[in-house]
Amino acid sequence: MNQPIQIYNTLSRTKEKFQPINPPFVGMYVCGPTVYGEPHLGHARPAITFDLIFRYLKYAGYKVRYVRNITDVGHLENDADEGEDKIEKKARLEKLEPMEVAQFYTNSYHEAMRLLNVLPPSIEPKASGHIIEQMDIVKKILDAGFAYISNGSVYFNVKKYSETHQYGKLSGRVLDDLLANTRELDGQDEKQNPYDFALWKKASPEHIMRWKSPWSDGFPGWHLECSAMSAKYLGEHFDIHGGGMDLMFPHHESEIAQSVAANRVEPCNYWVHNNMITINGQKMGKSLNNFINLAEFFSGKHPLLTQAYSPMTIRFFILQAHYRGTLDFSNEALQAAEKAYKRLLTAYNILLKIVPAQQTDAELAQFIPAFAAKCHEAMNDDFNSPILIANLFETTRWINGLNENKFSINKTDLDAFTHTFHTFMFDILGLTNETAADTTLTTEGLMDLILSIRQQAKTNKDFATSDKIRDELKKLNITIKDTKDGATWNME
RNA sequence: GGUACUAUGGCCGAGUGGCUAGGCAGAGGUCUGCAAAACCUCCUACAGCGGUUCGAAUCCGCUUGGUACCUCCA
């Protein structure tokens, strides 16, 4: 509303002006996790990407309804010989109810998101709670003639659909190519064409998660849950649909086909996809032994990690790259991010302590509004967080200069400066002031006392004592810095 | 093989047809009892080969590399 936002739309492969259907309201749907394992980096990136977008749209004055689902049914194992539901398999291995498994990992996911300071979505619907809505869509698609029933399962007729619509327009696929490149596999006789996809699957006898339907005892297939839940909470036609680039085909492509077949309307105007993450240049996968979950990053307990990385370091690192580029994790890169993040925090904490003067230096007076403008410009250009962060770093020399009395600033300008910094660093990027959070008044008092004793020792040339104080504090992760005006400290 | 994304200095990672990314690391300096921090200065890249252009890392083509997806599943 109050910002001209450009957003990259996968459908058009260009940046487009963001124009909601019904301003100031914005509907955004993002594909959430399948809860059958510990949350890992692959969960963090989309969550943080769309958290950034959510935060900025709200900042820009929109009333955003953000829906992010929990997938807790019908996820078949990728490389298993017999198609076995991931959640069911886990349940069998751990001797638990399937829903117990789903709940357990949903809780883990929520905890990881909380630590990463990812705001909870407005609505977080579960697939298992929307079976009826999904069956309704199956009925609609059957009625419209875009699906067929085969042996108790219902399949989407891609060929029929493509006679009047363009299946493949999101991912750039051509139907003939799909056909030519699809391998013939066993057990696909139910489908008329290999590229048809299931809307409803008949459950095999050992399949625990099943629901009654007009077609069979079974479970909803494929991409149906997102179509059902987005339509229920955002309407049949809403603004933004997001997710990882890996979901573009077939998941999102099929969502479009389903929605158009059922409702005769495109599900959304803007498709937004975040790019993938690699670890040391390789994709992350259990079979590659480089699978690191978020708890392991936070604790440092993984053979590939040389140290623990705080949630804010991970968040900062992810935001330092643009969401549409691939991002490679390595210890070196994370350590650089950790230092950079701390430097920015230090600058902010110094800014809070600056005492205003009567006047602001002319150059600084120009910088402050320019800084705000550049921050907005960065975010308006397809949520360019790396540019925003670079802009924040531009402030450090001003802040350090103020701290050393090289410049002066008046109260109005100082407030504006602080406000802009705070807004972009904490409200929009969603970083937290980890250092300040640990600092209590008691600690301040204790540190003042300790530093005065150390100053006394230094005055007496008792450097053994002063160094001992500094070294022992260092072991507690408290760093002393001696400056002209006395010692300062900060806690890591 | 197909589709998509991508290839930037020691590392991470932005970006535009001609002009500074930013961070980390490194070098020198200021400061300092020492150290750290801070500040100043330096390190100037754009996979390869062609083409368009007065001019391209930025546009086009080809080549090569990386990643994801292309079967059941969300």
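So you know, we letter chains A, B, ... as the sequences are listed, proteins then strands, and number each from 1.
Nucleotides B:U58 and B:G51 have their P atoms positioned 14 Å apart, rounded to a whole Å. Spacing between B:C12 and B:A4 at atom C1', rounded to whole Å, works out to 24 Å. B:A45 and B:G9 are spaced 10 Å apart, taking the P atom of each and rounding to whole Å. Comparing the P positions of B:A36 and B:G29 gives an interatomic distance of 14 Å, to the nearest angstrom. Nucleotides B:G10 and B:A25 have their C1' atoms positioned 7 Å apart, rounded to a whole Å. Distance check on atom C1': B:A57 versus B:C19 gives 14 Å, rounded to whole Å. Rounded to the nearest Å, the gap between the C1' atom of B:G28 and that of B:G22 is 22 Å. Across the C1' atoms, B:A14 and B:U52 are found 27 Å apart, a figure rounded to whole Å.
Among the heavy atoms of the strands lying under 4.0 Å from A:Lys406 are primed sugar atoms or P, OP1, OP2 only; no base atom is included. Backbone-only engagement by A:Gly221 is indicated by non-hydrogen atom pairs under 4.0 Å involving sugar-phosphate atoms exclusively. The residue A:Glu394 sits close only to the backbone: its heavy atoms come under 4.0 Å of sugar-phosphate atoms, none of a base. Nucleic acid contact for A:Ala333: sugar-phosphate only, since backbone atoms but no base atoms lie under 4.0 Å from a heavy atom of the residue. Here A:Ala198 lies in heavy-atom contact (under 4.0 Å) with sugar-phosphate atoms only. As judged by a 4.0 angstrom heavy-atom cut-off over every strand, A:Gln335 is placed among residues making no nucleic acid contact. Backbone-only contact: A:Asn384 has heavy atoms under 4.0 Å from sugar-phosphate atoms and none from a base. In this structure, A:Asp196 reaches the sugar-phosphate backbone alone: every heavy-atom distance under 4.0 Å involves primed, P, OP1 or OP2 atoms, never a base. A:Ser466 comes within 4.0 angstrom of a nucleotide base, judged by non-hydrogen atoms across all strands.
When both distances must be under 3.5 Å, the Watson-Crick or G-U wobble mate of B:C5 is B:G66. Using Watson-Crick or G-U wobble geometry with both donor-acceptor distances under 3.5 Å, B:U32 finds no partner in any strand shown. Base pairing of B:C72: no nucleotide in any strand meets the Watson-Crick or G-U wobble criterion (both distances under 3.5 Å). Here B:U58 sits opposite no nucleotide as a Watson-Crick or G-U wobble pair (both hydrogen-bonding atom distances under 3.5 Å). Using N1 to N3 plus N6-O4 or O6-N4 for Watson-Crick, or N1-O2 and O6-N3 for G-U wobble, each under 3.5 Å, B:G26 pairs with B:C42.
For A:Leu327, the listed nucleotide lying nearest its side chain is B:G13; candidates were B:G33, B:A38, B:G13. Closest to the A:Glu332 side chain, of the nucleotides B:C12, B:C11, B:G13, is B:C11. Set against B:C40, B:G33, B:C69, the side chain of A:Arg397 has B:C40 as its closest nucleotide. Here the side chain of A:Arg13 is nearest to one of B:U67, B:C5, B:C69, namely B:C5. Candidate nucleotides B:G23, B:G33, B:A14 were compared by shortest atom distance to the side chain of A:Arg454, and B:G33 ranks first. With distances taken from any side-chain atom of A:Arg470 to the nucleotides B:A35, B:A14, B:G2, the minimum falls on B:A35. Listed nucleotides B:G23, B:A14, B:C40 differ in distance to A:His322; the shortest reach to its side chain belongs to B:A14. Closest contact between the side chain of A:Arg343 and the listed nucleotides B:C70, B:A38, B:C5 involves B:A38. Taking the side chain of A:Lys339 as heavy atoms from C-beta on, and the options B:C69, B:G23, B:C24, the nearest nucleotide is B:C24.
A donor-acceptor contact under 3.5 Å is formed by the side chain of A:Arg173 with the base of B:C69. The base of B:G33 lies close enough to the side chain of A:Asp467 for a donor and an acceptor atom to sit less than 3.5 Å apart.
Salt bridge status for A:Arg324 with A:Asp382: present, with a side-chain N to carboxylate O gap under 4.0 Å.
Stacking is not found between A:Phe393 and the pyrimidine-like six-membered ring of the B:G23 base under the 5.5 Å centre-distance and 30° plane-angle cut-offs.
Map A:Tyr8 and A:Asp246 each onto its nearest nucleotide of RNA chain B; the residue landing nearer the 5' end is A:Tyr8. Judged by closest nucleotide on RNA chain B, A:Phe329 is the one of A:Gly32 and A:Phe329 placed further toward the 5' end.
Heavy atoms from other residues, nucleotides or ligands lying under 6.0 Å from CZ of A:Phe426 number more than 12.
Among all heavy-atom pairs drawn from A:His376 and A:Tyr56, the shortest one is O-OH, 3.7 Å. Shortest non-hydrogen contact noted between A:Tyr233 and A:Pro125 is CE1-CB, 3.7 Å.
Within the cation-pi definition used here (under 6.0 Å to the ring centroid, within 45° of the axis), A:Arg173 qualifies as a partner of A:Phe249. For the pair A:Arg343 and A:Phe393, the cation does not sit on the ring face, since its NZ or CZ is not both under 6.0 Å from the ring centre and inside 45° of the axis.
Checked against A:His251 for a ring-ring contact (aromatic ring centres under 6.0 Å, His included), the options A:His241, A:His273, A:His223 give a single hit: A:His223.
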